[in-house]
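Each chain gets a letter, A, B and so on, in the order the sequences are listed, and its residues count up from 1. Not measured: the values here are computed from a predicted model. Any value given below was found using the heavy atoms of this structure, including those in side chains, with hydrogens, waters and symmetry copies removed.
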Amino acid sequence: MNNDRQLSELERHLLNDYQHGFPLSPTPYADMAEQLGVSEQQVLDSLDRLQREGLVSRVGAVFRPNRVGASTLAAMSVAEEELESVAEIINSYPHVNHNYEREHEFNLWFVATAGSEAELCSVLGEMEERTSHTILALPLLEDFHIDLGFDLQWT
Amino acid sequence: MDMKTLKTQLQSINRHLAELDAVDNALIRAIENGLALCSRPYAQIADQLGIDEPEVLARLAALQQQGVIKRMGVVVRHRELGYRANAMLVWDVPDERVSELGRCLSQYDFITLCYRRPRVLPDWPYNLFCMIHGKSREDVLQRIDWLIAQCHLESLPHRVLFSRRRFKQRGAVYRTTGSNVESNRDERHYAT
């Protein structure tokens with residue numbers, strides 16, 4: 001992992017300044033390059049490197065929940081020795097985008113998304129069957145926060 | 001889980017669903033895994049969908065305006081950037097105070113998400129959720145103490161669920177039918 005490598009000035013700008021407001025123009029990377037005073041190729045190379053190193057998951061859209069399809073946060077309470085195998089079953093679904101172990105009796109937390117609520121329920125039902133664990137489903141009822149990214153503190 | 005209850009909940013939430021046509025759906029599918037790192041990424045999508053570049057740009061602008069797309073840009077991985085203490089903070093607050101407290105918590109930059117979710121009694125009494133990313137556990141716990149004082153949460157039960165292992169993290173895939181299924185190009189590294 002590259003957790004502690006020094007980031008260049010350009011990389012810091014790319015990571016912090018373009019989490020939102022990515023240009024909707026025919027040449028977005030060239031526009032960013034112009035704003036940052038570097039070449040388009042430098043922007044492309046840096047983003048490619050950050051993506052390959054896993055610091056950037058993608059350059060693209062973050063969708064607002066409940067506008068497209070159906071999704072829910074879900075939790076399971078799983079014995080420690082079973083946790084990896086259950087997580088593996090959950091991960092095998094393309095519907096799952098996050099899956100974390102957390103410190104609680106409910107120790108496995110994931111987000112599942114599908115094209116419709118019927119499909120989502122059927123996926124969750126299948127997961128319960130395959131893992132022999134009950135799912136606690138906690139769909140989002142109200143969003144108080146507009147996620148416009150995260151201000152990274154370089155200290 | 002009682003799927004019937006969940007389905008009813010989801011159906012009531014889905015009233016906010018945006019009106020999307022077939023091209024919008026195809027466009028969402030085309031960008032779910034991110035834009036290409038090349039000079040004309042939108043032109044590439046346009047070619048793929050058989051429409052022109054100005055239409056791709058106009059549709060993306062409209063999707064942003066409708067709130068379907070929350071933001072467009074660089075999606076970072078907190079852990080890899082040194083934010084390794086990731087906590088889900090959950091509160092059991094009176095229903096009539098959820099909105100007020102949700103708004104209070106959300107005004108702070110270090111709260112990355114803040115949501116109301118249903119209680120599932122008796123197992124799960126918490127109805128207000130937020131996420132905090134910090135560089136250390138102490139840092140996150142300190143911020144929680146500060147939040148409690150700022151938003152007057154002293155008397156309300158809460159739990160802090162720090163993450164341990166990360167089994168999966170990727171963007172949401174809404175269109176699981178067709179060619180996207182195998183694009184599950186996921187990273188499976190574990191938390192440090």
For B:Val68, does its backbone N or O pair with a side-chain atom of A:Arg64 as donor and acceptor, under 3.5 Å?
no

What part of B:Gln64 lies closer than 4.5 angstrom to a heavy atom of chain A: side chain, backbone, both or neither?
side chain

Given that the side chain runs from C-beta out, which part of B:Asn86 has a heavy atom under 4.5 Å from chain A: side chain, backbone, both or neither?
both

Between B:Arg164 and A:Glu80, is there a salt bridge with N-O shorter than 4.0 Å?
no

Most contact-rich option vs chain B, by heavy-atom pairs under 4.5 angstrom, among A:Leu14, A:Asn107, A:Leu73, is A:Leu73

Atom group of B:Asp123 that falls short of 4.5 Å from chain A, counting heavy atoms:
both

Closest non-hydrogen atom pair between A:Ala61 and B:Ile31, with its separation:
CB-CD1, 3.8 Å

Rounded to the nearest 0.5 Å, what's the gap from CZ on A:Phe63 to NZ on B:Lys70? Could you check?
11.5 Å

Check B:Leu37 against A:Leu44 and note the closest heavy-atom contact, atom names and distance.
C-CD2, 3.5 Å

Identify whether the distance between the nearest side-chain nitrogen and carboxylate oxygen of A:Glu142 and B:Arg117 falls below 4.0 Å.
no

Please tell me whether A:Tyr100 and A:Phe110 are part of a single hydrophobic cluster in this structure, the criterion being side-chain heavy atoms less than 4.5 Å apart.
no

Salt bridge between A:Glu103 and B:Arg137, side-chain N to carboxylate O under 4.0 Å?
yes

How close do B:Tyr115 and A:Phe144 get, heavy atom to heavy atom, and via which atoms?
C-CE1, 3.9 Å

Specify the closest pair of heavy atoms between B:Phe167 and A:Glu84, including all atoms of both residues, with the distance to one decimal.
CE2-CG, 4.2 Å

Under 4.5 Å heavy-atom distance to chain B, tell me which part of A:Leu50 shows up: side chain, backbone, both or neither.
neither

Side chain / backbone / both / neither for B:Val98 at chain A, heavy atoms under 4.5 Å:
both

Using modelled atom types only, decide if a donor and an acceptor are shared between the side chain of B:Ser163 and the backbone of A:Arg102 within a distance under 3.5 Å.
no

Side chain, backbone, both or neither of A:Ala137 within contact of chain B (heavy atoms, under 4.5 Å):
both

Less than 4.5 Å to any heavy atom of chain A: does that hold for the side chain of B:Ala43, its backbone, both, or neither?
neither

Tell me, for A:Ser122 versus chain B, whether the close heavy atoms (under 4.5 Å) come from the side chain, the backbone, both or neither.
neither

For residues B:Pro118 and A:Leu141, report the shortest heavy-atom separation together with the two atoms involved.
N-CD1, 3.5 Å

With a 4.5 angstrom heavy-atom cut-off, is it the side chain or the backbone of B:Leu128 that approaches chain A, or both, or neither?
side chain

Of all of B:Lys4, B:Glu53, B:Arg103, which one pairs up most often with chain A through heavy atoms under 4.5 Å apart?
B:Glu53

Of the backbone (N, CA, C, O) and the side chain (C-beta and beyond), which part of A:Ala118 lies under 4.5 Å from a heavy atom of chain B, both, or neither?
both

Could you look at B:Ala46 and say if it's the side chain, the backbone, both or neither that has a heavy atom under 4.5 Å from chain A?
neither

So what's closer than 4.5 Å to chain A heavy atoms on B:Cys130: side chain, backbone, both or neither?
neither

Determine yes or no for a side-chain-to-main-chain donor-acceptor pair under 3.5 angstrom, with B:Arg77 supplying the side chain and A:Leu55 the backbone.
no

CG of B:Leu161 to CD of A:Glu101: how many Å apart, nearest 0.5 Å?
11.0 Å

Can you check side chain to side chain contact (heavy atoms under 4.5 Å, CB included) on B:Tyr126 and A:Leu138, steps first, answer last?
CA-CA 10 Å; B:Tyr126 306 104; A:Leu138 304 165; over 6 Å; no

Atom CG of A:Leu120 and atom CG of B:Leu6: how far apart are they, to the nearest 0.5 Å?
6.0 Å

Between B:Pro41 and A:Pro26, the two heavy atoms sitting closest are CD-O, 4.2 Å

Which value, rounded to the nearest 0.5 Å, describes the distance between A:Glu105 atom CD and B:Trp124 atom CH2?
8.5 Å

Structural part of B:Thr5 lying under 4.5 Å from a heavy atom of chain A:
neither

Pairwise distance CG(A:Leu24) to OH(B:Tyr42) - rounded to 0.5 angstrom:
4.5 Å

Rounded to the nearest 0.5 Å, how far does CG of A:Leu124 lie from CE of B:Met3?
4.5 Å

Taking atom types as modelled and ignoring hydrogens, do the side chains of B:Ser39 and A:Glu40 form a donor-acceptor contact shorter than 3.5 angstrom?
yes

